[in-house]
Amino acid sequence: MKKILITGGAGFIGSHVVRRFVTQYPTYEIYNLDALTYAGNLENISDIEHLPNYTFIKGDITDVDFINALFQQHQFEGVVHLAAESHVDRSITDPLSFVKTNVFGTMNLLNAAKTIWKDHLEGKRFYHISTDEVYGSLGATGLFTETTPYDPNSPYSASKASSDHFVRAYGETYGLPYVITNCSNNYGPNHFPEKLIPLFIHNIINHKPLPVYGDGKYTRDWLYVIDHAIAIDLVFHQGKNHETYNIGGFNEWQNIDLVQLLCQKMDEKLGRSAGTSVQLISYVKDRPGHDLRYAIDASKIQNELGWEPSVTFEEGLEQTIDWYLSNEKWLQHVTSGEYQQYYQKQYS
Ligand code: NAD
Ligand code: DAU
């Protein structure tokens with residue numbers, strides 16, 4: 001029996017991780033802690049909420065008294081920490097909220113874990129989920145490895161880099177058993193439509209412009225979210241303490257090529273004539289500090305833990321589009337309210 005706290009489990013990646021742990025490990029007790037910010041949505045995990053080994057707790061990782069009391073009450077043996085502010089564009093307009101959640105919130109969890117695990121570190125694990133963006137930007141060649149120096153460029157990536165450093169520092173200073181993974185861009189079901197792929201799917205459905213930043217030549221490495229959840233399960237159980245693992249899709253795309261592929265597939269799925277959706281592409285003002293290229297060398301997790309992506313990008317993209325087309329209500333719910341104000345501010 002293991003008691004595991006997963007933070008941010010109502011968000012995009014977190015919901016897939018919660019589902020994976022709850023269904024794969026019926027003898028574990030899984031606690032999902034989420035503040036339900038604009039990005040958190042209990043609909044993402046409604047299919048597993050009735051299971052006896054699952055408990056949802058609404059709460060904020062930055063609340064010191066609440067987090068300490070929660071750890072004292074439940075005596076968690078493992079923490080899988082995903083809760084964060086995650087959108088680069090929002091970090092440019094509101095950097096302080098990223099410092100609060102991503103840096104202070106992580107510190108608060110580290111302190112609470114350190115306190116309850118003080119003299120009983122055996123079998124405990126603090127798993128911090130991070131991003132490849134902490135490594136900064138690559139030129140046309142090269143890959144991020146686990147030893148690439150940190151060089152973050154956005155308030156989001158600086159806050160994630162800072163939280164990674166604190167996790168390492170707690171390992172060195174207090175002996176906290178931790179593991180960190182740095183993953184590339186995820187895509188798949190339940191992705192909030194402020195990020196490139198779900199935003200553009202939503203806009204294509206609604207015949208709205210597709211705002212490509214700058215010249216569209218920026219490059220990202222894309223990984224299907226369920227493959228990330230599988231990797232997280234593997235690292236949580238088999239990764240080595242005090243180690244970092246990079247996770248990536250071996251799948252680099254320039255934004256404009258990806259958008260063109262998406263347009264083509266959406267036209268097919270929606271029964272629109274070929275070439276309809278590409279006409280929606282609109283080049284807009286670039287993102288400040290826009291990182292040119294991310295690309296992950298995932299050979300460490302591949303060689304040491306035997307992980308690799310299970311679906312091709314074409315398969316993953318098809319599944320993603322199908323999910324959005326058959327979950328119209330989900331899209332309607334998450335794009336009402338606050339979303340409209342954000343969209344207006346970001347793209348007007
Ligand atoms: P998301 O924005 O979809 O979800 C974040 C979740 O955290 C939401 O459910 C939100 O309600 C919750 N949350 C936010 N602030 C909170 C707080 N103060 N207390 C409790 N809960 C809070 O994010 P995501 O895309 O699923 O990313 C999850 C994690 O993975 C993040 O740490 C992110 O940095 C990392 N990551 C994301 C990607 C990606 O491509 N999306 C890639 C690599 C790493
Ligand atoms: O690399 C991992 C990171 O990937 C995660 O840590 C972040 O949480 C996640 O949001 C993502 O960051 P990106 O900035 O790469 O993702 P986003 O979907 O915002 O943008 C992907 C690319 O598309 C990037 O080059 C910017 C561009 N873009 C994005 C949007 C929202 C556009 O051209 N137009 C847009 O409207």
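Both ligands and their constituent atoms are indexed starting at 1 by order of listing. Every value quoted in this text rests on a predicted model; they were computed, and no experiment measured them.
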Return the set of residues passing side chain to side chain donor-acceptor pair (under 3.5 Å) with Lys114 (not counting sequence neighbours), or none when no residue passes. none

Heavy atom of the protein closest to atom 8 (C) of ligand 1 (residue, atom name, distance): Asp34 OD2, 3.6 Å

At less than 4.0 angstrom from any non-hydrogen atom of Lys160, what atoms of ligand 1 do you find? 31 (C), 32 (O), 33 (C), 34 (O)

re atom 21 (N) of ligand 1, the protein heavy-atom contact at minimum distance is Ala35 N, 3.1 Å

Within ligand 1, which atoms have a heavy atom of Leu36 less than 4.0 Å away? 11 (O)

Lys100 bridged to Glu85 by N-O distance under 4.0 Å: no

Is there a nitrogen or oxygen of Asn186 sitting under 3.5 Å from a nitrogen or oxygen of ligand 1? yes

Please could you name the atoms of ligand 1 that Tyr156 approaches to less than 4.0 Å, counting only its heavy atoms? 33 (C), 34 (O)

If you measure from each heavy atom of Ala10 to ligand 1, is any distance below 4.0 Å? yes

Could you list each nitrogen or oxygen of ligand 2 that sits under 3.5 Å from a protein nitrogen or oxygen, with the atom names and the distance?
| unit_1 | atom_1 | unit_2 | atom_2 | d |
| --- | --- | --- | --- | --- |
| ligand 2 | 1 (O) | Asp132 | OD1 | 2.5 |
| ligand 2 | 1 (O) | Asn185 | OD1 | 2.7 |
| ligand 2 | 4 (O) | Asn185 | OD1 | 3.4 |
| ligand 2 | 4 (O) | Asn185 | ND2 | 3.1 |
| ligand 2 | 6 (O) | Thr131 | OG1 | 2.7 |
| ligand 2 | 6 (O) | Tyr156 | OH | 2.6 |
| ligand 2 | 8 (O) | Ser86 | O | 2.7 |
| ligand 2 | 8 (O) | Tyr156 | OH | 3.1 |
| ligand 2 | 10 (O) | Ser86 | O | 3.3 |
| ligand 2 | 12 (O) | Glu133 | OE2 | 2.7 |
| ligand 2 | 14 (O) | Arg287 | NH1 | 2.6 |
| ligand 2 | 15 (O) | Asn185 | ND2 | 2.9 |
| ligand 2 | 15 (O) | Arg220 | NE | 2.8 |
| ligand 2 | 16 (O) | Asn185 | ND2 | 3.4 |
| ligand 2 | 18 (O) | Leu196 | N | 2.8 |
| ligand 2 | 19 (O) | Arg287 | NH2 | 2.9 |
| ligand 2 | 23 (O) | Asn255 | ND2 | 3.4 |
| ligand 2 | 25 (O) | Arg220 | NH2 | 3.3 |
| ligand 2 | 25 (O) | Asn255 | ND2 | 2.9 |
| ligand 2 | 25 (O) | His290 | NE2 | 2.7 |
| ligand 2 | 33 (O) | Tyr213 | N | 2.8 |
| ligand 2 | 34 (N) | Pro211 | O | 2.7 |
| ligand 2 | 36 (O) | Pro211 | O | 3.4 |
| ligand 2 | 36 (O) | Tyr347 | OH | 2.6 |

Among protein heavy atoms, which lies nearest atom 15 (N) of ligand 1, and at what distance? Thr101 CG2, 3.5 Å

Going by the atom numbers of ligand 1, which of them fall below 4.0 Å from some non-hydrogen atom of Gly59? 19 (N), 20 (C)

One finds that the ligand 1 atoms under 4.0 Å from a non-hydrogen atom of Ile129 are 30 (O), 32 (O)

Can you list the ligand 1 atoms lying under 4.0 Å from a non-hydrogen atom of Ser86? 1 (P), 2 (O), 23 (O), 25 (O)

May I ask you to list the atoms of ligand 1 that are less than 4.0 angstrom from any heavy atom of Ser130? 43 (C), 44 (C)

Distance under 4.0 Å to a non-hydrogen atom of Ala83: what atoms of ligand 1 satisfy this? 7 (O), 21 (N), 22 (C)

Identify, for atom 3 (O) of ligand 1, the protein heavy atom at the shortest distance, and state residue, atom and that distance. Phe12 N, 3.1 Å

Can the ring centres of Tyr31 and Phe76 be said to be less than 6.0 Å apart? yes

